[in-house]
Trainee: 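Got a structure here, written out as structure tokens. Questions coming.
All residue numbers in this chain count up from 1 along the given sequence. Just so you know, ligand 1 is whichever comes first in the structure, and atom 1 is the first atom listed for that ligand.
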Amino acid sequence: VEILSGVFEGKSTGAPIALLIRNRRQRSRDYTPFKDIFRPGHADFTFWQKYGIRDYKGGGRSSGRETAGRVASGAIARKILEDNGVKIRAFALEIGGVRAETLDLAEIEKNPVRTPDAQAAERMKQAILDAKEANNSVGGIVQLQVTGLPAGLGDPVFGKLDARLGGALLSIGAIKGFEVGDGFEVAQKTGRENNDEMKDGKFLTNHCGGVLGGISTGEPVVIRLAFKPTASISQVQQASDIHGANHELIVEGRHDPCIIPRAIPVVESMTALCLLDVWEIQARLKRISSCFDMFKTDA
Ligand SMILES: Cc1cc2nc3c(=O)[nH]c(=O)nc-3n(C[C@H](O)[C@H](O)[C@H](O)COP(=O)(O)O)c2cc1C
């Protein structure tokens, strides 16, 4: 990463920080066989519909490479939030049908699949290797937990905290599902089972996932994200080209049979960027209203 501006002698100056990440390991020739063909599961068809022109030598803005900038800038947002007691952690809850049973956050960075369950890690790894062996891919679920967020953050109508986080997280490629708290399970529960009762001013449960009415409760914000299996697989698939002709296509190249371990830092970074935005907007509005207070008279 090259820092182009905004940092001087190890400190931010207040000027915008510009970062440059050069992709030195690109292999454009991998993409030549499907120059005019729409790869299944990729954005080739929709980009073609929208722009009518396509640089086929890579996924461009639909590629996971695009997320490097999010992680680099998210690191700064995360630092600011951590200084204010906010901790953001995402991990693999499920990969290829294997679910983590224990949630020991200290385990996450100790295994290559980034899961909080050391035993499940081995089975998740095996599920990925099996998919690779079969020239196939697997998806799974990422769980996100934010602790230390104060109660009262978020807007009540269009800028709901969960709506903003949903927008930020669903902007990451390959995410197809978003749940807050008990998520889709709430559909099968009764009100009595689902309500978070309070005692002595404290919540007894957190089914709502730390958000009520679009505003943070002060309890951990819990979100789950469903990731689809990697689209690029080295199997024969049917595909059309820009002229409508049919092809049998095999997508070769360097592709992970599971996106999740690499997407976890992206999820954490987008969360940090989104939360800092929400916090900043709220703080700015408070500052503006206190300015108006200065002009108020008792008369
Ligand atoms: C960090 C990251 C890495 C990714 N790597 C790959 C990959 O190696 N191969 C692939 O087919 N898709 C990969 N994707 C997913 C595609 O970018 C995405 O599925 C595709 O552009 C279609 O968009 P959609 O799935 O959001 O509809 C990656 C996504 C992320 C977030």
Trainee: Less than 3.5 Å apart, any donor N or O on the side chain of Q143 or Q145 sitting next to an acceptor on the other?
Mentor: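 Note: Q143 and Q145 side chains meet the donor-acceptor criterion.
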
Trainee: Tell me, which protein residue and heavy-atom name are nearest atom 1 (C) of ligand 1, and how many Å apart are they?
Mentor: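 Nearest neighbour among protein heavy atoms for atom 1 (C) of ligand 1, to 0.1 Å: T67 OG1, 3.8 Å.
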
Trainee: Going by the order shown, which atoms of ligand 1 are within less than 4.0 Å of some heavy atom of H42?
Mentor: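 Counting from 1, the qualifying ligand atoms are 10 (C), 11 (O).
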
Trainee: Out of all atoms in ligand 1, which are within 4.0 Å of some heavy atom of I172? Include the element for each.
Mentor: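 Answer, ordered by atom number: 31 (C).
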
Trainee: For atom 8 (O) of ligand 1, find the nearest protein heavy atom and state the residue, atom name and distance (0.1 Å precision).
Mentor: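 For atom 8 (O) of ligand 1, the nearest protein heavy atom is R262 NH2, 3.3 Å.
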
Trainee: Is the F38 ring parallel, tilted or perpendicular to the F45 ring (thresholds 30°, 60°)?
Mentor: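 Taking F45 first and then F38, their aromatic rings stand perpendicular (interplane angle over 60°).
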
Trainee: Compute the shortest N/O to N/O distance between T230 and ligand 1 and return yes if it is under 3.5 Å, no if not.
Mentor: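 No.
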
Trainee: Could you tell me the residue and atom name of the protein heavy atom closest to atom 3 (C) of ligand 1, and the distance to it rounded to 0.1 Å?
Mentor: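 Ranking protein heavy atoms by distance from atom 3 (C) of ligand 1, first comes G64 CA, 3.7 Å.
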
Trainee: Report yes or no: do S240 and H247 form a side-chain donor-acceptor pair below 3.5 Å?
Mentor: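 H247 and S240 do not have a side-chain donor-acceptor pair below 3.5 Å.
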
Trainee: Using only heavy-atom distances, determine whether the side chains of E193 and T190 contain a donor-acceptor pair under 3.5 Å.
Mentor: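 Yes, T190 and E193 have a side-chain donor paired with an acceptor closer than 3.5 Å.
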
Trainee: Can you confirm, on distance only, whether ligand 1 has an N/O atom lying under 3.5 Å from any N/O atom belonging to A174?
Mentor: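 Indeed, backbone or side chain, A174 has an N or O that close.
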
Trainee: Before signing off on this row, confirm whether I259 and ligand 1 have an N or O atom pair separated by under 3.5 Å.
Mentor: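 No, no N or O pair falls under 3.5 Å.
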
Trainee: Determine, using the 4.5 Å side-chain heavy-atom cutoff (strictly less than), whether I141 and M270 are members of one ILVMFWY cluster.
Mentor: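 Not linked; separate clusters.
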
Trainee: Below the 3.5 angstrom mark, is there an N/O of S232, backbone or side chain, next to an N/O of ligand 1?
Mentor: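 Yes - when backbone and side-chain N and O of S232 are compared with those of ligand 1, one distance drops under 3.5 Å.
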
Trainee: Return the closest protein heavy atom for atom 22 (C) of ligand 1 as residue, atom name and distance.
Mentor: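 Nearest protein contact, heavy atoms only, for atom 22 (C) of ligand 1 is G41 O, 3.6 Å.
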
Trainee: Nearest non-hydrogen contact with atom 20 (C) of ligand 1 belongs to which option: G60, S63, G173, S62?
Mentor: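 Among G60, S63, G173, S62, the closest heavy atom to atom 20 (C) of ligand 1 comes from S62.
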
Trainee: Run through D196, N194, N195 and flag the one making a side chain to side chain donor-acceptor pair (under 3.5 Å) with T205.
Mentor: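 Of all the options given, the one that passes is D196.
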
Trainee: Would you say K176 touches ligand 1, if touching means a heavy atom closer than 4.0 Å?
Mentor: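 Contact present.
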
Trainee: Checking S171 against R70: is there a side-chain donor and acceptor pair closer than 3.5 Å?
Mentor: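 There is such a pair between these side chains.
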
Trainee: Taking atom CD of E280 as the centre, report whether more than 12 heavy atoms of other residues, nucleotides or ligands fall under 6.0 Å from it.
Mentor: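 Atom CD in E280 is crowded, with more than 12 foreign heavy atoms closer than 6.0 Å.
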
Trainee: Counting each atom of ligand 1 from 1 as listed, which ones have a heavy atom of K228 under 4.0 Å away?
Mentor: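 Reading through ligand 1 atom by atom, the close ones are 19 (O), 22 (C), 24 (P), 25 (O), 27 (O).
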
Trainee: Between ligand 1 and S137, can you find any atom pair, the residue atom being a heavy atom, that is separated by under 4.0 Å?
Mentor: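 Per 4.0 Å heavy-atom rule, S137 does not contact ligand 1.
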
Trainee: Using distance alone, with no hydrogens and no angle criterion, decide if H207 and D182 have a side-chain donor and acceptor under 3.5 Å apart.
Mentor: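 Indeed, the side chains of H207 and D182 share at least one donor-acceptor pair under 3.5 Å.
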
